[in-house]
Amino acid sequence: MKGDNHTLVSDDVYEEDERGPLRRCLVTRERLAPSSMIRFVVAPDKTVVPDLDARLPGRGIWLSARRDVLETARTRGGFARAARCQVIIPSDLVGLIEAGLLRRLTDTLGLARRAGQAVCGYAKVREWIVAGTAGLVVQASDGSPDECVRLLSGARSLPVVKPLDAAQLGKVFGREHTVHAALRTGALADRLKQDSKRFAGLADVAVLRTPEVSGERVEQADR
């Protein structure tokens with residue numbers, strides 16, 4: 001695993017962690033935009049809690065949105081080191097994050113639909129693409145790659161995300177199944193794209209592309 005080569009950052013990193021436009025990853029030491037990372041806080045009962053909206057009170061522990069990075073922090077005492085105390089790590093931490101990101105994705109799509117910022121169906125999505133209205137295309141993860149290529153004819157630089165299957169995507173639009181959707185260029189499209197990237201990193205699946213191209217464990221704090 002790539003995480004085997006990671007070295008944990010010393011505690012003094014977290015004195016500056018919540019200031020400025022970038023955050024430093026506990027494991028990789030990279031400085032990245034908060035929207036591309038996962039923030040964690042330690043609850044009063046010492047449980048590590050993912051804070052996907054980055055709004056919970058307390059000093060944040062930031063990690064790159066990658067499964068190997070999370071595993072390194074989880075297994076090598078990273079959370080306890082950053083919190084400077086023993087912490088409880090839910091055994092299904094990755095699953096909690098994935099489920100939370102999927103909720104954010106469907107919530108964003110639903111908000112875009114209600115605001116008139118999203119359409120679904122091959123014909124409508126194609127209309128938006130031709131008109132230059134679409135800023136992001138959403139394809140069902142179980143949809144046809146060849147059909148997606150045809151849909152994007154003449155607009156191969158449009159980003160495509162596919163974090164949901166046809167049934168999940170259809171539910172957002174009040175249908176049994178939906179294979180294609182599109183969002184207008186704007187903040188909601190940007191948020192969906194970024195959350196799709198985070199989900200891809202944690203779930204270790206390909207959900208973003210540009211066509212051109214059990215129980216709980218107690219972690220001991222470092223002494």
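From a predicted model like this one, the values you see are computed outputs, not experimental measurements.
- When hydrophobic clusters are built by joining Ile, Leu, Val, Met, Phe, Trp and Tyr residues whose side-chain heavy atoms come closer than 4.5 Å, directly or via intermediates, Leu96 is not grouped with Val48.
- Considering only heavy atoms from C-beta on, Leu136 stays 4.5 Å or farther from Leu158 through its side chain.
- Side chains of Leu56 and Phe40 form no contact here, defined as non-hydrogen atoms less than 4.5 Å apart.
- Here the shortest heavy-atom pairing between Pro50 and Leu93 reads CD-CD1, 3.9 Å.
- Val160 has its side chain within reach of Cys148: a pair of non-hydrogen atoms, C-beta onward, lies under 4.5 Å apart.
- Looking at Ser144 and Asp146, their side chains never bring a donor and an acceptor atom within 3.5 Å of each other.
- Atom OG of Ser64 and atom CZ of Arg31 lie 12.5 Å apart (nearest 0.5 Å).
- Contact check on Arg104 versus Asp53 returns a salt bridge, with a Lys/Arg side-chain nitrogen under 4.0 Å from an Asp/Glu carboxylate oxygen.
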Check step by step if side chain to side chain contact (heavy atoms under 4.5 Å, CB included) holds for His180 and Cys120.
CA-CA 6 Å; His180 305 290; Cys120 69; over 6 Å; no

Would Leu52 and Ile38 count as a side chain to side chain contact (heavy atoms under 4.5 Å, CB included) here? Give the steps.
CA-CA 6 Å; Leu52 299 178; Ile38 306 293; 3.8 Å; yes

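- Taking NZ from Lys197 and CD from Gln194, the interatomic distance works out to 5.0 Å, rounded to the nearest 0.5 Å.
- Between Ser141 and Leu164 there is no side-chain heavy-atom pair separated by less than 4.5 Å.
- Here the closest heavy-atom approach between residue Pro163 and residue Leu105 is recorded as CB-CD1, 3.7 Å.
- Contact of the Met37 side chain with the Cys25 side chain is registered, since non-hydrogen atoms from C-beta on lie closer than 4.5 Å.
- Within the 4.5 Å cutoff, no side-chain heavy atoms of Gln117 are placed close to those of Leu183.
- Taking the charged nitrogens against the carboxylate oxygens, Glu98 and Arg198 have no contact shorter than 4.0 Å, which rules out a salt bridge.
- Here the closest heavy-atom approach between residue Pro145 and residue Gln139 is recorded as N-NE2, 4.3 Å.
- A distance of 13.5 Å separates CG in Leu169 from NZ in Lys162, rounded to the nearest 0.5 Å.
- Looking at Arg74 and Glu71, a side-chain N of the basic residue comes within less than 4.0 Å of a carboxylate O on the acidic one, giving a salt bridge.
- Residues Leu151 and Arg126 are in side-chain contact: their nearest non-hydrogen atoms beyond the backbone lie under 4.5 Å apart.
- Stacking of Arg184 on the aromatic ring of Trp128 is recorded, both the 6.0 Å distance cut-off and the 45° axial limit being met.
- In this structure, Phe79 and Leu70 have side chains that are in contact, with non-hydrogen atoms separated by less than 4.5 Å.
- Here the straight-line distance linking atom OG1 of Thr106 with atom CG of Leu192 works out to 10.0 Å at 0.5 Å rounding.
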